[in-house]
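What follows is a single structure, written as structure tokens, with notes after it.
Keep in mind that this is a model prediction, so the values were computed, not measured. In what follows, chains are A, B, ... by sequence order, proteins preceding strands, each numbered from 1.
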Amino acid sequence: MLKSRVIPCLDVKDGRVVKGVNFVGLRDAGDPVECAIAYDAAGADELCFLDITASHENRGTILDIVQRTAEACFMPLTVGGGVRTTEDMRKLLLAGADKVSINTAAVTNRQLVREAAEKFGSQCVVIAIDARSVAPGKWEIFTHGGRTATGIDAIDYAREVVALGAGEILLTSMDKDGTKTGFDIPLTRALADAVSVPLIASGGVGNLDHLVAGIREGHATAVLAASIFHFGEFTIQQAKQHMRAQGVNVRMD
Amino acid sequence: MKVAIIDYESGNLHSAHKAFERAAREAGIAADISLTSSPEDVSKADRVVLPGVGAFADCKRGLARTPGMIDALQDAVIARGRPFLGICVGMQLMASRGLEHEVTEGLGWIEGDVVAIEPSDPSLKIPHMGWNTLDLQRDHALLKDIPTGENGLHAYFVHSYHLVPRSTDSLLARTEYGGPVNAMVARGNMAGTQFHPEKSQKLGLGLLANFLRWAP
């Protein structure tokens, strides 16, 4: 049986992890590769790097990180942040990323989604959607790290990118992100039910029940979290044991 | 022992290469593992690996683009019986035909077609993406000492199509996703995995080490 995935996400800026990572025995908690190895050993189902590097000059550092991670971790790796062209994608895939997530560039240039799927296959095209509630049962997508409103309906957009070849949706609720009050379940469920591809829920996880709710009530196929894992509040194993106890099928290898 | 991983510009070859190196190191197997786009290297290799990510037709075209590569593969695997492992689309290419988008001829090593998976439950998502267990159809050296079944180890899958062999004799393992999905094929000196052993942590590294030890 296919298992629900638990995905820790690391924010990387100019080659360093921002938002601290608190693992016992880590020599350098700011080194993304060390963090990746720790999560690999802890039984994470996938790992996500979000490159929030400010200057374009430092973009090359993420390629080096991806390459070193892929040498040491034998689990799927998704990389996002600042991806604008299929050439950006190609570099990340060649460095060892399995999937690349595209956010703003897919909104401004929908053809990029089609081009990426045709070139590399849908399985490595993840479309990241940042959405915010604008009315009951209605959500709008935001770009540029959630700063720019677009007027585009999140559900319409999700359907559109899937039709263009997106293989997975990474959905972040702007309303919930950082609040630790749980996923935006109505949003997650509405989007997950609207598309035929897997959906990763993100934004708002504060405890382990939130992970369960993302899968069971939100209909997500994977749950992504950052701070609850980074700060050592919970381990990946604790998260999975809790999910399993609540009837969610997870991998315990 | 020389192991050639065929580089035809498809997918995460870096990961496959590194995973093989680690599997060999951990199992104490002396192996010279190289990524290569040279048919000569394939001819000289003791073992051949064909990875692959993407669409069937694209991968077939990629393989055909290197002059002499398909001949070298046929010679090494069919004529000289070198152990062969196909991964994901590399496994699918072993079939007679691929039916993704268009009908494309495969290598024809395993009689059968590559067709879309159709889960009985329409709410199940496509691609079949994530970790799933293996249901063994028979014993095989590649799965030696690897726990399978519902309580066994997991393999990482990401695919929308699978190889359906004409004869069930070639089917080694299945997985469950709204009905049976074919996960591994094997015939004589060749085997293929629909999942990605290079991304499957414990199960994957164990399988790659078994492949390096395999004496079909």
Exercise for the section: Count the heavy-atom pairs under 4.5 Å between each of A:Cys73, A:Gly43, A:Ser196 and chain B, then report the option with the highest count. Expected result: A:Ser196
Exercise for the section: Check each atom of B:Thr175 against the heavy atoms of chain A and say whether the ones under 4.5 Å are side chain, backbone, both or neither. Expected result: neither
Exercise for the section: Pick whichever of A:Leu199, A:Val197, A:Asp253, A:Asp193 has the most heavy-atom pairs under 4.5 Å with chain B. Expected result: A:Asp253
Exercise for the section: Would you mind checking which part of B:His159 comes under 4.5 Å of any heavy atom in chain A, side chain (CB onward), backbone (N, CA, C, O), both or neither? Expected result: neither
Problem - Proximity breakdown for B:Ala19 and chain A, heavy-atom pairs closer than 4.5 Å - result: both
Completion exercise
Turns out that what part of B:Leu205 lies under 4.5 Å from chain A's heavy atoms comes down to side chain
Exercise for the section: Determine the minimum heavy-atom distance between A:Ala97 and A:Val66, stating which atoms define it. Expected result: N-CG1, 3.5 Å
Fill in the blank from the handout: Interatomic distance, CD@A:Gln241 vs OG1@A:Thr235, rounded to 0.5 Å, equals 7.0 Å
Fill in the blank from the handout: Okay, A:Asp40 and chain B: the region with an atom under 4.5 Å from a heavy atom over there is both
Problem - Salt-bridge present (A:Glu46, A:Lys99; N to O < 4.0 Å) - result: yes
Handout entry: A:Arg251 versus chain B, the contacting section by heavy-atom distance below 4.5 Å
Key = both
Practice task
Name the option with the most non-hydrogen atom pairs under 4.5 Å to chain B; the candidates are A:Ala72, A:Ala70, A:Pro76.
Solution key: A:Pro76
Problem - Considering all heavy atoms, the nearest A:Leu171-A:Ala131 contact - result: CD1-CB, 4.3 Å
Exercise for the section: Considering only heavy atoms and a distance below 4.5 Å, find which of A:Ala222, A:Ser122, A:Pro198, A:Ala117 pairs most often with chain B. Expected result: A:Pro198
Exercise for the section: Verify whether the ring centers belonging to B:Phe195 and B:Tyr156 lie closer than 6.0 Å. Expected result: no
Handout entry: A:Gln67 portion near chain B, given a 4.5 angstrom heavy-atom threshold
Key = both
Practice task
Measure the acute angle between the ring planes of A:Tyr39 and A:Phe229, then classify it against the limits of 30° and 60° as parallel, tilted or perpendicular.
Solution key: perpendicular
Practice task
Assess whether side-chain contact (heavy atoms from CB on, under 4.5 Å) is satisfied between A:Ile129 and A:Ile169, documenting all intermediate values.
Solution key: CA-CA 7 Å; A:Ile129 298 178; A:Ile169 301 287; 3.8 Å; yes
Exercise for the section: Would you tell me whether B:Gln92 and B:Gln194 have side-chain atoms, one donor and one acceptor, within less than 3.5 Å of each other? Expected result: yes
